[in-house]
Amino acid sequence: MVNIAILGSTGSIGINTLEVIRKFPGKFRVIALSGNSNSALLERQAREFRPLFVCVGQAAGVRRLKASSFGKKVKIFTERAGLEAMVAEKKIDKVVIAISGSAALFPLLKAIECKKEIALANKESLVMAGSAIMAMARKNKVKIIPVDSEQSAIWQCLEGEDTVNLRNIYLTASGGPFRETGINKLKAISVRRVLRHPKWRMGRKISVDSATMMNKGLELLEAMFLFGVSSEKIKILIHPEAIVHSMVEFIDGVILAQLSATDMRIPIQYALSYPARLANYDAGSRVDFCRLEGLHFQKPDFMKFPCLKLAYLAASELGTLPAVLSAANEVSVNEFLRGGLKFISIYTVIERVIARHRNIGNPDLEDILHADSWARQEAHNIINKLKYT
Ligand code: NAD
Ligand code: MG
């Protein structure tokens, strides 16, 4: 029985993780849950899974949890410090990091410091501080098992291989909701339209990232840090069917690919059960090759999705630039979701913040945190200027 903590259990990945756990009674025990603002859902989840520890983002949520019937049997934590304290609890074996955005960084670092096994869905933390995270994981001999479907695919294809023999990684992308939309139409696109992804149902931030294709840019950086591979070796391929979740090519010309149904519960399940594989019997979890109308691949359109160019720039320069890219993106996406920024201006804001940044090579965590808050402030200033011009 593996004792699991799910940070961000009220989000899309968190809910899917609980679905996987429900399917395998006796294999996993939910020992800790956390959510930010949706304390009603967190309470329902805690009522069903009976964890020992719960962390909620806001004080009102703490009152709600304490007042409920099981409140006295659970240790309740709150805010960032509480989340880090909860992660350190001895009884936790494995931590699923399903928080969105940079808020995942400190709980992730704490979990690594406490030598917990990590199932990592969050990508912003790696983009921001990938070198520091991977160095800390190596020092503490902690395994970071990727949950993101592309990284899970690459990780499975590289199992038992030496990355010295790697020629290329093909990072696949469904192309997002605007793969076939004309470039001119992207100017006046609504939040509702952006949130309607053709292949994946996900949280709001990653849905916007998929629409701008910044999601693939973040994944490019995520892969570089996870697998220690330079950006020249990572090729993004549009693959609309989203069945091949990524591929690796070796120096002898052999290519290994990981294929499975388009369902996040599959990589989540493997990250929970690794190194074992657990049987999936529902038809939806299988690929029926005879029903597929083909598997297609094409190059991404960098003109239509210029955020990809920014990500490749950050990937070639590294230093504090990936942190700046991710912070400026996070601020712009939140502002777009609030209705204060046009879809196409997400790129403009990030591009201007990057242009003003003085990159610092081989940054330590302090340099990264400084660059992160500088980029957020800069992004807010640019957004304000855009509003009044
Ligand atoms: P989501 O918005 O649906 O859920 C986010 C979760 O994080 C919620 O539980 C929320 O309460 C919590 N949270 C948000 N801000 C917080 C804060 N400041 N402090 C503490 N908790 C906070 O997001 P999601 O789609 O589940 O994505 C989570 C992460 O996984 C993201 O980094 C995303 O890029 C990555 N990811 C998601 C998918 C997917 O299919 N949804 C796939 C691959 C990777
Ligand atoms: Mg992905």
Side-chain angles (χ1 to χ4, degrees), residues 5-20 32-46 54-58 61 77-84 86-87 95-108 110 118-128 145-155 171-176 195 197 199-210 212-223 226 236-237 239 242 244-246 258 260 262-268 271 326 329-330 333-334 337:
I6 306 170
L7 309 191
S9 64
T10 56
S12 162
I13 292 286
I15 291 169
N16 277 316
T17 305
L18 288 172
E19 266 188 44
V20 171
L33 292 172
S34 95
N36 197 33
S37 52
N38 191 348
S39 57
L41 176 58
L42 190 60
E43 184 188 349
R44 281 203 301 281
Q45 292 178 339
V54 175
C55 184
V56 60
Q58 286 146 9
F77 298 83
T78 187
E79 296 180 347
R80 194 185 117 183
L83 199 53
E84 287 175 46
M86 183 174 87
V87 158
V95 183
V96 180
I97 309 275
I99 291 174
S100 62
S102 58
L105 179 64
F106 284 101
L108 168 62
K110 190 67 179 180
I118 307 289
L120 184 61
N122 177 279
K123 56 192 81 173
E124 292 87 348
S125 55
L126 268 181
V127 172
M128 185 181 173
I145 308 170
V147 168
D148 202 352
S149 55
E150 296 77 3
Q151 316 299 346
S152 173
I154 298 164
W155 192 67
L171 184 67
T172 55
S174 69
L195 295 180
H197 195 282
K199 287 285 173 191
W200 303 98
R201 289 182 65 83
M202 309 175 286
R204 286 160 67 84
K205 197 242 170 202
I206 186 175
S207 297
V208 181
D209 287 344
S210 296
T212 60
M213 286 206 69
M214 182 58 100
N215 183 49
K216 216 41 61 178
L218 297 177
E219 287 179 1
L220 160 76
L221 285 145
E222 190 186 12
L226 273 175
I236 295 171
L237 269 186
H239 167 49
V244 176
H245 297 292
S246 279
Q258 186 262 325
S260 54
T262 314
D263 185 341
M264 274 313 292
R265 288 171 299 185
I266 295 174
I268 291 172
S326 184
N329 180 54
E330 206 167 314
V333 168
N334 284 337
L337 285 168

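Order of listing sets the numbers, starting from 1, for every ligand and every atom in it. FYI, side chains are in, hydrogens and waters are out, and symmetry mates aren't considered; it's all heavy atoms of this structure. If you read the sequence from its start, that first residue is 1, and numbering goes on from there.
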Check: Taking only heavy atoms of A98, which atoms of ligand 1 are found under 4.0 Å from at least one of them?
Finding: 5 (C), 6 (C), 7 (O), 28 (C)

Margin query: Give the atom numbers and elements of ligand 1 that come within less than 4.0 Å of a heavy atom of T10.
Written below: 8 (C), 9 (O), 10 (C), 11 (O)

Checklist line | Residue G35 vicinity, atoms of ligand 1 by number, heavy atom under 4.0 Å | finding: 11 (O)

Notebook entry, point to check: Of S100, S207, S149, A121, which has the heavy atom at the shortest distance from atom 5 (C) of ligand 1?
Noted result: S100

Check: Is L108 close to N122 at the side-chain level, that is, under 4.5 Å between some pair of heavy atoms?
Finding: no

Notebook entry, point to check: Which ligand 1 atoms, with their elements, are less than 4.0 angstrom from a heavy-atom of I13?
Noted result: 26 (O), 30 (O), 37 (C), 38 (C), 39 (C), 40 (O), 41 (N), 42 (C)

Next item on the list: From the options P267, P146, S246, select the one residue that forms a side chain to side chain contact (heavy atoms under 4.5 Å, CB included) with W155.
Entry: P146

Item checked: Closest to atom 34 (O) of ligand 1 (judged by heavy-atom distance), picking from Q58, K123, E79 -> K123

Item checked: Residue portion contacting ligand 1 (non-hydrogen atoms closer than 4.0 Å) for N36 -> both

Next item on the list: Using a 4.0 Å heavy-atom threshold (strictly under), name the region of A103 that reaches ligand 1: side chain, backbone, both or neither.
Entry: side chain

Next item on the list: Below 4.0 angstrom from a heavy atom of E124, which ligand 1 atoms are there? Numbered from 1 as shown, please.
Entry: 31 (C), 32 (O)

Checklist line | Metal site angle (apex the Mg ion (ligand 2)), OD1 from D148 and OE1 from E150, 10 degrees | finding: 90°

